[in-house]
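Here is the naming used below: chain letters follow the sequence lines, and residue numbers restart at 1 for every chain.
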There are 2 protein chains.
Amino acid sequence: MPESIEDLPPRQREVLRLIVSLTEEHGYPPTLAELAQAMGLRNRMTVHQHVVALKKKLLVHWEPGLNRSLTVIGEAAQDQRESTLPAESQTSRRGVPLAGTIAAGRPIDAIETDEYLEIESGYADSGCFALKIKGDSMLDDGIHDGDYVIVKPQPTPRNGEIVVAVLGDGTATLKRIYKEKGGFRLQPANSQMEPILLDKSENLQVQGVVVGLFRKFS
Amino acid sequence: MPESIEDLPPRQREVLRLIVSLTEEHGYPPTLAELAQAMGLRNRMTVHQHVVALKKKLLVHWEPGLNRSLTVIGEAAQDQRESTLPAESQTSRRGVPLAGTIAAGRPIDAIETDEYLEIESGYADSGCFALKIKGDSMLDDGIHDGDYVIVKPQPTPRNGEIVVAVLGDGTATLKRIYKEKGGFRLQPANSQMEPILLDKSENLQVQGVVVGLFRKFS
DNA sequence: CGCTACCCCATACATAAGTATAGTATGACT
DNA sequence: AGTCATACTATACTTATGTATGGGGTAGCG
């Protein structure tokens with residue numbers, strides 16, 4: 001039976017595919033419960049049985065009793081990866097269509113360009129991460145409480161950039177950073193708040209610079 | 001001194017290195033117990049404390065309560081890698097890891113919730129599109145010139161929502177919409193601008209409502 | 001018909017793994 | 001002398017996760 005993967009039962013094949021995609025998505029393998037949820041199942045046992053079947057067929061590696069040790073063996077991993085085929089059956093698009101420009105002022109007649117606004121693709125691959133904003137100190141820069149900022153890890157910011165600053169006591173805050181004689185100034189964008197001044201002796205770690213902002217409107 | 005990784009405490013640095021190497025070795029991230037064993041420690045708690053410290057410094061991504069969710073963020077991952085592989089087909093993730101909450105105000109030592117911020121996936125599939133903002137009329141709502149808004153097609157907005165309004169003459173604008181006696185009011189979020197009043201006879205088409213906002217920092 | 005492969009469910013249990021609390025010890029710095 | 005960061009330990013708790021047991025169905029096949 002050389003063509004094992006092709007004539008797998010549908011659900012087993014689906015499990016195989018999900019293991020690969022969920023692992024890629026999170027950076028670590030899924031649990032049975034997560035697989036079950038992804039398949040719309042109420043019970044882990046169903047997935048358990050499927051995985052046992054896959055294991056018997058030597059398509060997955062699974063350490064008994066070990067959490068999240070589920071990995072796909074050999075070529076099966078490649079075969080289940082999305083990258084191979086033309087676009088259509090893709091579950092979701094990579095990006096939001098950018099329909100054009102709109103006026104937030106005098107109305108203009110908009111809608112021209114036709115491309116895709118790819119928010120994540122550039123960031124996710126370059127080690128960026130997101131932080132949820134708590135507080136209003138960057139309000140004047142249009143960063144509101146509850147927004148998400150996307151941070152690119154980078155220890156050496158340029159002057160005036162918005163950075164994630166980790167202070168000596170382990171607390172983190174979001175501010176614009178300016179070099180001053182003898183140290184740094186962490187400047188909030190809110191007229192009611194005072195800057196934080198640090199001299200060189202004090203411990204300051206810049207975790208990264210803000211490269212993007214995202215807000216959800218309920 | 002924004003030199004983060006170099007002057008980490010030795011054990012924390014070791015933990016960072018071990019996370020990477022153990023993940024490569026097994027194909028999935030280690031648990032605290034495994035890390036402890038690899039470091040010759042008898043107790044998980046020691047590693048736990050180190051990892052918490054790394055998390056505060058935003059060097060690792062760790063979902064609370066989730067087994068084997070420990071991953072290294074950003075360049076730190078590269079720096080700790082021994083193999084120096086070209087990092088080839090980096091499993092491009094679906095989404096940006098949401099590392100926690102950061103203070104834009106008084107520094108807090110937060111960092112609690114953890115998940116992935118999936119910006120596009122929810123929108124791209126539901127017919128949403130993006131528009132680039134031109135003008136400052138929504139400034140007080142934190143929508144700036146050059147931002148991108150994500151619009152969900154929907155002809156019947158609720159009161160007070162931000163909508164893409166297409167006027168009778170074909171021009172489009174972004175405003176909050178309110179029902180008034182006998183018509184609608186399109187309200188800018190800028191104290192220096194006046195609302196647009198429309199009565200029912202006038203042609204007003206709502207293209208959709210704003211469900212998201214995205215901004216790129218150059 | 002019995003038999004099999006496939007697919008799903010629920011309950012219960014055992015253990016793996018993360019977390020809280022509370023200590024001890026060392027060295028650096030004030 | 002005190003405080004602080006680092007580093008480790010121990011016990012106990014909660015939850016996440018895997019597993020066993022015992023059921024249901026459907027469909028094809030000899």
Side-chain angles (χ1 to χ4, degrees), chain A residues 1 4 6-16 18-19 22-23 26 28-57 59-71 166-171 199 201-205, chain B residues 1 4 7-16 18-19 22-23 26 28-57 59-71 100 109 111-115:
Chain A
M1 31 187 7
S4 42
E6 267 63 21
D7 39 54
L8 266 183
R11 302 248 62 177
Q12 286 179 30
R13 192 168 176 174
E14 193 177 350
V15 169
L16 210 55
L18 277 175
I19 294 172
L22 286 177
T23 302
H26 294 129
Y28 43 83
T31 62
L32 296 182
E34 287 169 359
L35 282 172
Q37 186 191 331
M39 296 177 69
L41 298 174
R42 301 181 190 177
N43 204 295
R44 289 171 278 170
M45 271 320 291
T46 307
V47 173
H48 187 272
Q49 290 155 10
H50 288 143
V51 173
V52 167
L54 289 173
K55 183 172 181 173
K56 273 188 187 167
K57 297 173 185 172
L59 292 172
V60 298
H61 176 59
W62 199 28
E63 299 271 347
L66 241 193
N67 295 351
R68 295 179 186 275
S69 63
L70 204 45
T71 49
V166 180
L167 304 183
D169 57 359
T171 61
D199 67 45
S201 67
E202 299 187 73
N203 200 352
L204 168 66
Q205 285 185 0
Chain B
M1 280 304 283
S4 39
D7 38 54
L8 268 182
R11 296 302 259 173
Q12 287 179 29
R13 192 168 176 176
E14 192 177 350
V15 168
L16 211 55
L18 277 175
I19 293 172
L22 287 177
T23 302
H26 295 132
Y28 42 84
T31 61
L32 296 183
E34 288 168 358
L35 282 173
Q37 187 191 331
M39 295 176 69
L41 298 174
R42 302 184 187 178
N43 203 295
R44 290 171 275 168
M45 270 321 290
T46 306
V47 175
H48 186 273
Q49 289 155 10
H50 287 144
V51 173
V52 166
L54 289 173
K55 181 172 179 174
K56 269 191 186 170
K57 295 173 184 173
L59 293 170
V60 299
H61 175 61
W62 199 28
E63 315 219 8
L66 243 192
N67 296 351
R68 296 180 187 277
S69 62
L70 204 43
T71 51
D109 92 353
I111 315 302
E112 330 142 15
T113 55
D114 284 67
E115 38 182 318

Any donor-acceptor pair under 3.5 Å linking the side chain of A:K55 with the backbone of A:W62? yes
Begin with the C-alpha distance, continue with both residues' side-chain angles, and end with the deciding distance and a verdict on side chain to side chain contact (heavy atoms under 4.5 Å, CB included) for B:L70 and B:T23. CA-CA 9 Å; B:L70 204 43; B:T23 302; over 6 Å; no
Given side chain to side chain contact (heavy atoms under 4.5 Å, CB included), test A:L41 with A:L35 step by step and report yes or no. CA-CA 8 Å; A:L41 298 174; A:L35 282 172; over 6 Å; no
Decide whether A:E63 and B:Y28 meet the rule of one side-chain donor and one side-chain acceptor closer than 3.5 Å. no
Presence of A:R42 side-chain N/O under 4.0 Å of C:dA10 phosphate oxygens OP1/OP2: yes
In whole angstrom, give the distance that lies between atom CG of A:L8 and atom C1' of C:dC6. 12 Å
Using C1' atoms of five pairs at each end, report the bend of the helix from C:dC1-D:dG30 to C:dT30-D:dA1 rounded to 10 degrees. 10°
Close side-chain approach of A:H50 and A:E14, heavy atoms under 4.5 Å: no
What's the closest nucleotide to the A:H50 side chain, out of C:dA17, D:dA10, C:dC7? C:dC7
Rounded distance (Å) that lies between atom P of C:dC6 and atom CZ of A:R13: 15 Å
Cationic N near anionic O, under 4.0 Å, B:E34 to B:R68: yes
Close side-chain approach of B:L66 and A:T31, heavy atoms under 4.5 Å: no
Kindly give the heavy-atom pair with the smallest separation between B:L22 and B:P30, and that separation in Å. CD1-CB, 3.8 Å
Which is more 5' along DNA chain D, the nucleotide nearest B:N67 or the one nearest B:A53? Just name the residue. B:A53
Choosing from C:dC8, D:dC8, C:dC6, which nucleotide comes nearest the side chain of A:P9? C:dC6
Roughly, in whole Å, what's the span from CG in B:L70 to C1' in C:dG18? 11 Å
Exactly one of B:V15, B:L16, B:T71 clears side-chain contact (heavy atoms from CB on, under 4.5 Å) with B:V60, and that residue is B:L16
Is A:R68 near enough to D:dT17 that one of its side-chain N or O atoms lies under 4.0 angstrom from OP1 or OP2? yes
All N/O pairs under 3.5 Å across the protein-nucleotides 19-23 of chain D interface:
from: D:dT19; atom 1: OP1; to: A:G65; atom 2: N; distance (Å): 2.9
from: D:dT19; atom 1: OP2; to: A:H48; atom 2: NE2; distance (Å): 3.3

Figure out the CG/C1' separation between B:L35 and D:dC8, and round it to whole Å. 15 Å
Nearest-0.5 Å distance that lies between atom CD in A:Q12 and atom CD in A:Q49: 10.5 Å
How long is the line joining OH of B:Y28 and P of C:dA16, in whole Å? 14 Å
Can you tell me how far CG of B:L18 sits from CZ of B:R11, rounded to the nearest 0.5 angstrom? 9.0 Å
Heavy atoms only, 4.0 Å cut-off, all strands: where does B:T31 land among base, sugar-phosphate and nothing? sugar-phosphate
Hey, what are the protein-to-nucleotides 24-30 of chain D N/O distances that come in under 3.5 Å?
none

